[in-house]
2 protein chains.
Amino acid sequence: MSAHHLSPPGTVPTSPTTTTRPTSSHDEEFNIALLGAGGVGTIAALVLEKSGRARVTAILRASYGVVRERGWDVESVDHGERRGWRCFRVVQTIEDAVFPAPQPTPNIPTGAPTPMEAARERYDFIVICTKQLPDKYNLAEMITPLVTPGLTSIVLIQNGLFIHKPFIAAFPINVTMSAVSMIGSFTEAPNKIKHIGPDMLQIGPHYHPGVPDAVSLERTKAFVEIYGAGGAKECLFVDDMPKARWAKLLWNGTYNPICALLEVSVGAVQSSGAKEGLVMPIMRELQAVAKADGVALTDEDLEFMANRSPVTSRWRPSMLLDREQGRPMEFEVILGDPVRRGAELRVETPVMGTVYELLKLARWKVENPDEGGEQHIG
Amino acid sequence: MSAHHLSPPGTVPTSPTTTTRPTSSHDEEFNIALLGAGGVGTIAALVLEKSGRARVTAILRASYGVVRERGWDVESVDHGERRGWRCFRVVQTIEDAVFPAPQPTPNIPTGAPTPMEAARERYDFIVICTKQLPDKYNLAEMITPLVTPGLTSIVLIQNGLFIHKPFIAAFPINVTMSAVSMIGSFTEAPNKIKHIGPDMLQIGPHYHPGVPDAVSLERTKAFVEIYGAGGAKECLFVDDMPKARWAKLLWNGTYNPICALLEVSVGAVQSSGAKEGLVMPIMRELQAVAKADGVALTDEDLEFMANRSPVTSRWRPSMLLDREQGRPMEFEVILGDPVRRGAELRVETPVMGTVYELLKLARWKVENPDEGGEQHIG
C-alpha cells in the first residue's frame, strides 16, 4: 500500500475486521498501529506479532480486500514461508483503526443522559513504514486520530534525513523514534511479500525537549526489545540516531538516486566509473553538511558505504524500482533534506543538488504524462 | 549515416559510382567531399550542389546501396520536395572518394617504366557533418587520404567546442573552418530526409599559425559564398568562431543533455522549473570557463539562449533522439570539452560535471547491455 491512498479524516469508516485470534490481556502486550504494509511494513507486522507482545492493527487501502479475505503470503529469508498469515486486525482507513468506545448498556432508556464515555483502548506505538513523500501528503497530520498525547510513541521505519521533525512538531509531548532498515523485501502482489534480504535495523530515539530523555530512551528500548524478540535478523538500539540517519544517507543519497536516474543496478554504478565520478563526490558533500550539522562522518564511513555492495551486484534500489513502475520516488527526504540543510549552513552541495534537480524533473515528467511531441534535431 | 561506420584506411575499395551528370570544367566549381549525409549533411550536399559551383562526392556507408539506386527523397522547408535527388557522386568508403589517377595510355608495352603520374583531381573542401565522437573514432586521421596539404580546406558542420583542434594538429598547413548550425532536419529512412527547421549557419575560420590569416579568411568566405548561393535560409560569416561555438554551447550544453538524460522535450525543461534549477547554473559555469578562456559571454547571451524556445516547445534535441535510439551521444565535445577546459583553467564546473558523469554512465549502460538483474529494495 501507499500511504497517499489512505482516506483523509472525515471519511465514513467501514466496519473494522477482527481476526478470530482472541485478544490477550497480558499486561506486557502492546497495541500497535502500522501504516504502510508493503515489503518493509508487512515484515514488521509479522515480527511484532511473532514477539507475542504486540497486537498489530495494519491499516491497508489498496490491499485491504485481498488481505482481509486471504491474509498475506510471505516468503521470508528470516521467517520461512507463511501462507494466509494474518495480524491482529486489518482496517481500511485511519478512522477504522481507532479503537471503538465500549458499547453503552443496551437497556438505557431513549432520551436518557449520555453516560460517561468508558476508557477505550489506545495505541502504544504507531509504526510507519510508508514511503516518505512530504510533497504528497502530511503523515503527521494524518495519524493524529491514532495518537494519544503523552502515551503513543511514533516509530518511523523509513528512509530520509529529517523525517522525525514534523512528528515532533505535531506531537510535542510524545516519543518519536526512528529506524534505518537494511531489509531486502518487496511486494510481488497485493498480499504477497517476497523477503530476500535479512531484516537488519538500527533503532534510536529522537530526543526533544517535550519528553524527558529517560522516557524517550525507555520507550525506544522497549520497542527494540519487542522487535528483536520477534526474530528479526538484527535489531540494534543506537543512541545517536541522527548520526545513524546521516550514515545511511551515504548509501541512500548516492547509489539509490543514481541508479534511479539512469535505471542501472548498484554494480553498474561501480563498474562504470560512476562510483568515483558521482558517488564519492556526493558522499563528500554529505560529509561536509553533516559536519556543519554536528555529525562526524569519517572517511572510513564513506569508503565502507561506497564499497558495501560488490561490483557484481545486480541490486536495483528502491528509488529505481519506484521510477520503473511510475511510482513516486522519496527523494525529498533523501536528497532534498541534506541539500536544504546545506543551504542553511552555507555548505555547497552542487553535485547532490544537480542530481536532486534532475529527480525533480523526473517527477515532473511522471506528473505530466502528456508531455511528448515531434522529433527535431537541434 | 554515422561516421563510425566508415571503413578504416586499407579496406579494399569498391568501384566509385558516378551519376550521369556531366562533369563541369567551370573554373569556379569546387570539388567537395562530404562525410556524414544524415539530416544535416544531406541538406548541405543539396545546398552546395544547388549553388552551381560545387561537385559533391558524398561518402556513405549504411545508406550507400539505397542512395546509389534511388537517390535521396528530401522534404525540405528550404528547398521543397525532391524525389530521387542525386549529388555528383556517392561512394562507400573514403578510399573510393579519392579521385582516380588518369589511366596510362593502354598501348604502353608491359614492363615499360611507369609513366609519371598525371595530375589528378583534388578536393577543395572536405565538409564533415558526422556526429563528433572522439571516444569512438579519429575523424582527422580517417580523412587523411582526401586532404591535399596546403590546398584542401576542412569544414566542420558539427556540434562541440574544441572540434577544430585535432584537424589543425593533423593538417597544420590547411585551412580549418567550422559552422554552428541551427537546422531542424533528420533521417526518416536511409535515403529519406525530413527537413523541418530552416537551415541557418554561422561559419568562421579557426585561425592558426600554419596558415596566413588572410588565406583562412579568403577560403572561409569562399565557402560561405557557395553555401549562401545554394539557398540556405541564412549563412553568415563570423570572424570570431570560438565565441560563436561557446555561444552555441549555451544551448547545446544545457537543454540538449538535460533532455537526453530525462527523455523530455525542451518545453518540459522550461515548464518544470529545470530551466532555473539546471539550465541557468550550467550556463553560468560555461560563462565562467569561457571567460577564463578569453571569450566573453554576456548575461544577455545567457538569457537569450535560455529562452530561445517557447515553453510550449515539444522540441526533442539530437542527444535525446540519439539516446532513445541507442545511438552514441556526442557529449564528449559538448560537455567533456568545457569540463576539461574548466579543470585546466581552474574554474569549477560541478553542475555541468555531474551531468557529464551521468551521461558517461548512460553511455556505459548502452555499451554493457547485459547489465540488469534481480529486484531488491534497498
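Proteins get letters first, then strands, A, B, ... in listed order; numbering begins at 1 in each.
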- Note on the structure: Residue from B:Ser309, B:Ser271, B:Gly273 scoring the most non-hydrogen pairs under 4.5 Å with chain A is B:Ser271
- With B:Ser76 via side chain to side chain donor-acceptor pair (under 3.5 Å) - residues at least two apart: B:His195
- Residue-level contacts of residues 333-344 of chain A with chain B, using a heavy-atom cutoff under 4.5 Å: none
- Query: Which of residues 345-361 of chain A have a heavy atom under 4.5 Å from any heavy atom of chain B?
  - Reply: A:Pro350, A:Val351, A:Thr354, A:Val355, A:Glu357, A:Leu358, A:Leu361
- Message: For residues 274-283 of chain A, give me every residue with a non-hydrogen atom less than 4.5 Å from any non-hydrogen atom of chain B.
- Response: A:Ala274, A:Gly277, A:Leu278
- Is the backbone N or O of A:Ala268 less than 3.5 Å from a side-chain atom of B:Lys365, with the two atoms forming a donor-acceptor pair by type? no
- Query: Which bit of A:Arg308 comes within less than 4.5 Å of chain B, counting heavy atoms only: side chain, backbone, both or neither?
  - Reply: neither
